[in-house]
**Student:** 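Before I ask anything, let me first share the structure, which is written out below as structure tokens.
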2 protein chains.
Amino acid sequence: MADQTLPAQIANQLRRDILRGVLRPGMSIKERDNADKMGVSRTPLREAIRILATEGLIELRPARSPIVSIPSIKQIADEVEVLLAVEKLSGELACERATDAEVDALAEIVQTMSDKFDTIDAVEMFEIDMSFHAALAQAAHNEPLAEIHGTFLSRLWRSRFLAAIQRRNRERVVDHHTHIVDALRDRDAVAIRAAIGVHLDHLAEDIIDVITQEIAEASADADRKDDHETTPLRT
Amino acid sequence: MADQTLPAQIANQLRRDILRGVLRPGMSIKERDNADKMGVSRTPLREAIRILATEGLIELRPARSPIVSIPSIKQIADEVEVLLAVEKLSGELACERATDAEVDALAEIVQTMSDKFDTIDAVEMFEIDMSFHAALAQAAHNEPLAEIHGTFLSRLWRSRFLAAIQRRNRERVVDHHTHIVDALRDRDAVAIRAAIGVHLDHLAEDIIDVITQEIAEASADADRKDDHETTPLRT
DNA sequence: CAACAAATTTCGGTATACCAAAATTTTGAC
DNA sequence: GTCAAAATTTTGGTATACCGAAATTTGTTG
């Protein structure tokens, strides 16, 4: 892990905190506080914040504290729309260009999913899911494509995660991925687009449900102090 | 123009220099030199470099000077592939969602293109072209989509520009755009995908030609000092 | 003259200092 | 007690200082 640059490491840490919900949407990320907390100076932390901003996890406001992004339903829907197109293209290109070894690697990941389904927790399952989609982008042999694919995956990470822990069932998680690999084995571009479409359409619905719920909760305690973990009592 | 942040302004300046060829592919961008030259400190210039790096115009190398990206043919082909998919999606969504006013605005741009074709230079024509594609992304009413569309447009800006000044003819520049607007007027998603496909397929060929040529030239004087405008004499 | 090694310079990465704009708190008037 | 205005603190933006790693130059040796 030490082979990454310091800003990248800091970004990883912050990303985890955001995605796991330690830093909740709307909270401000103060440069000094977080820099001190992590034992680094403001400079690399600042850079880390920019990284997460381009990933869409943090929202920069000129001359104000950056805040953890509060994705609207429309925004999430838009992002799913893009992810859908990007992943369909990846699948299509992978049908043309993937090596047999790469297809086997994808199949391996799905097998792992199936094997471990009942023994691991949602976070671990989710990380496997992420690795599957990353491997698919790799198999398309188009680096910039893999790059934006990664960007949108991480933008939707938290939403997907929240959706995943609610709608956890073997059929969705395993079968849909199996369909994708099967289509890839057959080098069937039409089938893979369809499989990915089904996969993400379901995802979109799940996400919308979860976010709608979260927004409802958020407006319930809208006046909480947003830079403290605990809600302080009013004196 | 003063309403932008300082790093953004610096990035704009550098971007222009790169796209116009003042900073040629392979040249190193030293923080101190450029900061002094532009009368700012290293901090905002550093940030500007990161911005351009995410746009793909600059390549960061750990512990080394960043260099102006030297896109390979494969890389450009990959980027065109992505741009194609992104713009097709934009067109499709625009067919569903564009307001009549937005369609009119697009048509207006094409009209301007046609009117001014014989009187303005390649750079100006190109900027109009860029504004057309940006407006199309806007009409799709999907902000993250417009964002990555912009990213890939700027990554391909220089290549497209080089291609444009070589293959300049009214039929390509005007007719193709007209087809796109017509399809949009008809709200015909299939037609607009086709029109965009034709447009960018031609573009891809042109770019490949130009870049092949540029690479050939570059290897001819491969040993030039890459951080000076003029080739210094060896003593 | 060539080649390798040591000294020097250059340069990116990080930390720190300073400033101006925002936000917050305090204070004073009504 | 309330509200507004002023003083204070907080915070992001920028400049500068410092460090260690790379690259370059210089010097030495065969």
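Chain naming here is simple, since letters A, B, ... match the order of the sequence lines and numbering starts at 1 in each.
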**Student:** Are side-chain heavy atoms of A/L84 and B/L89 found at a separation under 4.5 Å?
**Tutor:** no
**Student:** Just the rounded figure in Å: distance from C1' of D/dG13 to CD of B/Q4.
**Tutor:** 16 Å
**Student:** Look at A/E47 together with B/R50 and state whether they make a salt bridge at an N to O cut-off of under 4.0 Å.
**Tutor:** yes
**Student:** What string of B, S and - do you get for nucleotides 12-19 of chain C, 5' to 3', if B is base contact, S is sugar-phosphate-only contact and - is no contact with any protein heavy atom under 4.0 Å?
**Tutor:** BBBBBBB-
**Student:** Assess whether a salt bridge exists between A/R155 and B/E147, defined as any Lys/Arg side-chain N lying under 4.0 Å from an Asp/Glu carboxylate O.
**Tutor:** yes
**Student:** Should the heavy atoms of other residues, nucleotides or ligands under 6.0 Å from CD of B/E55 be counted, would the total exceed 12?
**Tutor:** yes
**Student:** Could you tell me, to 10°, how much the axis swings from one end of the helix from C/dC1-D/dG30 to C/dC30-D/dG1 to the other, five pairs per end?
**Tutor:** 10°
**Student:** Looking only at side-chain N and O atoms, does A/H141 offer a donor or acceptor that is under 3.5 Å from a partner on A/E102?
**Tutor:** yes
**Student:** For the side chain of A/N142 and the backbone of B/D78, is there at least one donor-acceptor N/O pair under 3.5 Å apart?
**Tutor:** yes
**Student:** When you compare the side chain of B/L106 with that of B/F132, does any pair of heavy atoms fall below 4.5 Å?
**Tutor:** yes
**Student:** Looking only at the side chains, is there a donor atom on one of B/K74 and B/S72 sitting less than 3.5 Å from an acceptor on the other?
**Tutor:** no
**Student:** Roughly, in whole Å, what's the span from CG in A/D36 to P in D/dG12?
**Tutor:** 12 Å
